[in-house]
Amino acid sequence: MAASPPAPTTGMPFVVPPGLVPTAEAHLVQTPLLHLYVYLLDKVLSGTLVLTTKTGARAAVSFEDGTPTRVMDVAGTRYAERMPLERAMIKLCELEPETRYAFYAGQDLLAERGAEVPRVEPLAVIMAGARAFVGAPQAEATLGRIEDVPMGIATGAAPERFRLTPEERALVERLRKQRTTLADLARTSGVPPRIVRGVVYGMTITRHLDFGGSTRPPVGLERVAAARAAMVSDPQGWRPTTGTTGLLMDQTGLRPRDVVARAGDTSTAPLQAVRREGTGPLQAVQRASDMTGPMPQVPPQAAPPNNEKRRAEVEAKLAAAPNEDHFQMLGVPRETTSIDVRNAYFKLALLYHPDKLPKDLHDLKPRVARLFAAINAAYEALKDDTGRAQYLASLDAGTVDEQAKVERVVNAALEFEKAEVFLRKNDLAACEACVRRAVSADPEQPAYTALLAWVVASRRPLPPVPEEGKTNNVYDDCITQLDGVLKVEPDYEKALLYRARLLKLAGRIHQAYRDFKRVTVVSPKNIEATREVRLYEMRHPPEDDGPGSNPAGRGLLGKLFPKKR
């Protein structure tokens with residue numbers, strides 16, 4: 001008889017090792033857990049995600065290269081078998097938005113010595129979570145924005161990895177054959193609308209659907225593609241029908257080949273090449289700057305004189321690409337023809353095909369592979385009259401690419417987390433740069449605006465202490481920003497605390513006291529606010545406290561230390 005799988009193990013509540021500082025932390029209200037799963041998979045991150053509820057209960061998920069390996073739920077039960085583990089991850093998506101998450105990069109806090117790592121399909125977990133998430137405000141907001149946008153299967157997508165049901169596979173096959181809208185698909189497919197919306201939501205947030213504006217490959221497949229793109233090119237061994245960034249020959253000539261490897265090809269091991277700097281705050285992998293082994297006997301040759309110019313051209317295109325539509329990506333006008341699109345594509349292929357880079361520019365190869373994926377996507381969308389007409393219609397209607405929207409929101413949250421890390425390190429310049437990017441990407445988040453106001457004020461020289469009864473206007477603009485935040489979120493603790501500090505520095509003592517007092521109501525354990533309230537009440541009699549004061553609640557310290565006149 002075959003051995004039965006090990007049962008989930010229940011142990012002591014999860015405890016983070018003392019002294020271990022998270023790489024990033026925030027609340028699920030800013031980034032839903034399902035979107036965090038997508039981000040970790042997209043960025044191929046390793047580490048442990050710790051979730052802490054309002055009641056203090058903790059759960060954790062460990063990841064290796066974006067793939068979950070262990071789960072511990074809030075009851076302390078640990079799961080290491082594939083199916084129970086996947087179910088536990090989906091269950092965690094039901095945690096309340098106030099749950100705080102912390103990511104510890106490079107730390108497997110659930111590791112078990114000698115235990116076998118299960119083979120989990122992260123895309124299947126994400127799709128299962130998307131099915132369950134349908135009806136939630138975040139999911140419905142996403143689906144509402146794409147309701148009437150024509151969509152199709154994205155270039156390089158591998159929907160078979162979502163572990164779809166027969167009904168769901170039928171939906172995918174229909175999208176393969178013809179672009180259609182979510183509204184039409186739900187109305188005419190014969191599949192229950194909730195199933196339709198769940199599949200579309202899961203494939204949208206993982207970029208497996210193309211709405212006419214995507215410039216990045218689908219999530220979950222990039223590890224293989226980037227690893228292969230980072231391999232040293234072998235011009236003698238390359239053939240048009242092989243390689244992940246080559247051109248595929250068909251009966252009509254050359255056409256772009258999918259940059260991303262298909263799901264069936266899982267033989268390539270995770271490579272460090274994809275875990276590069278600059279892709280998000282949850283990773284801090286430092287590139288190796290030296291070479292090991294014996295030095296070559298042949299002296300190095302000088303780089304060709306035009307390679308620095310070539311590097312500058314490539315860097316400029318890489319910087320511009322995220323903000324370009326398909327026409328701009330290919331460098332063609334909107335009134336272009338199929339022949340012009342084809343010619344433009346092949347010119348760009350000669351410049352930005354990863355295998356065409358000179359040897360001394362190989363450090364750019366992973367980024368150029370992503371750029372070439374965007375060029376491929378632009379070509380596929382514009383190569384025929386029908387595709388161009390659909391894409392032009394989406395542009396003329398002012399349609400925002402939902403995939404880009406989701407990515408901006410997620411990246412804004414991670415930029416904010418990075419800013420908080422720099423703030424703790426007192427690196428105010430880096431903190432301001434990160435939080436400005438967060439505000440620019442998602443200006444509706446009060447937390448981002450509040451931190452920006454505080455760090456801008458903190459970088460200014462301290463003004464002289466105002467004489468009693470006088471004020472200064474050094475921080476008026478920052479205080480006004482915080483006023484706006486507190487109109488939206490009146491009990492936002494950090495905004496109240498930031499404004500109280502600035503009001504105190506500006507000499508507006510009574511107003512600062514009110515904010516500190518409010519902080520003690522919102523968060524009774526806030527030591528700073530409690531201390532400031534106590535000091536104020538020691539130095540000011542009740543009649544000076546202004547409207548809303550409570551003389552009866554001044555306490556013994558206020559009686560013992562009245563203000564001197």
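- Between His208 and Phe162, the ring planes are perpendicular. Angles over 60° get that label, and only those under 30° would be called parallel.
- The shortest side-chain heavy-atom distance between Glu64 and Asp108 does not fall under the 4.5 Å cut-off.
- A side-chain contact (heavy atoms from CB on, under 4.5 Å) with Tyr352 holds for exactly one of Leu364, Leu318, Val314; it is Val314.
- Atom-to-atom distance recorded for Gln178:CD and Asp184:CG is 9.0 Å, nearest 0.5 angstrom.
- Side chain of Lys418 to backbone of Thr23: no donor-acceptor contact under 3.5 angstrom is found.
- With rounding to the nearest 0.5 Å, the separation of OG1 in Thr204 from CD1 in Ile146 is 3.5 Å.
- If you take OH on Tyr37 and CD1 on Ile205, they are separated by 11.5 Å, rounding to the nearest 0.5 Å.
- Taking 4.0 Å as the cut-off between side-chain N and carboxylate O, Arg197 and Glu147 count as a salt-bridged pair.
- Of the possible polar contacts, none joining the Arg58 side chain to the Thr52 backbone as a donor-acceptor pair under 3.5 Å is found.
- With contacts defined as side-chain heavy-atom distances shorter than 4.5 Å, the pair Asp210/Glu380 does not qualify.
- In this structure a side-chain-to-backbone donor-acceptor pair under 3.5 Å is missing from Arg131 to Gly198.
- Using a 4.5 Å heavy-atom cutoff, the side chains of Leu123 and Leu41 are in contact.
- Counting only heavy atoms from C-beta outward, the side chains of Ser46 and Phe63 never approach each other to under 4.5 Å.
- Taking CD of Glu86 as the reference point, atom CD1 of Ile126 lies at 11.0 Å (rounded to 0.5 Å).
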With a 3.5 Å cut-off and sequence neighbours excluded, list the donor-acceptor pairs that the side chains of residues 87-96 form with protein atoms.
{"unit_1": "Lys91", "atom_1": "NZ", "unit_2": "Glu94", "atom_2": "OE1", "d": "3.1"}

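- Within the 3.5 Å criterion, the main-chain N or O of Ser62 finds no donor-acceptor partner in the side chain of Arg70.
- A donor-acceptor pair under 3.5 Å links the side-chain atoms of Ser189 to the main chain of Leu185, judged by distance alone.
- A donor-acceptor contact shorter than 3.5 Å links the side chain of Arg388 to the backbone of Leu382.
- One finds the CG atom of Leu164 at 7.0 Å from the CE atom of Met203 (value rounded to the nearest 0.5 Å).
- Counting heavy atoms from C-beta on, the side chains of Ile375 and Leu371 come closer than 4.5 Å.
- Between Arg176 and Glu173 there is a salt bridge, with a side-chain nitrogen of the basic residue lying less than 4.0 Å from a carboxylate oxygen of the acidic one.
- For Glu121, the salt bridge (Lys or Arg N to Asp or Glu O under 4.0 Å) partners are Arg161, not counting sequence neighbours.
- When side chains are defined from C-beta on, Met127 does not count as touching Arg163, because their heavy atoms never get closer than 4.5 Å.
- Atom CG of Leu51 sits about 11.0 Å away from atom CG of Asp73, to the nearest 0.5 Å.
- The main-chain N or O of Tyr104 is never found under 3.5 Å from a side-chain atom of Thr48 such that the two would form a donor-acceptor pair.
- Annotation: side chain of Tyr345 is not in contact with side chain of Lys383 (no heavy-atom distance under 4.5 Å).
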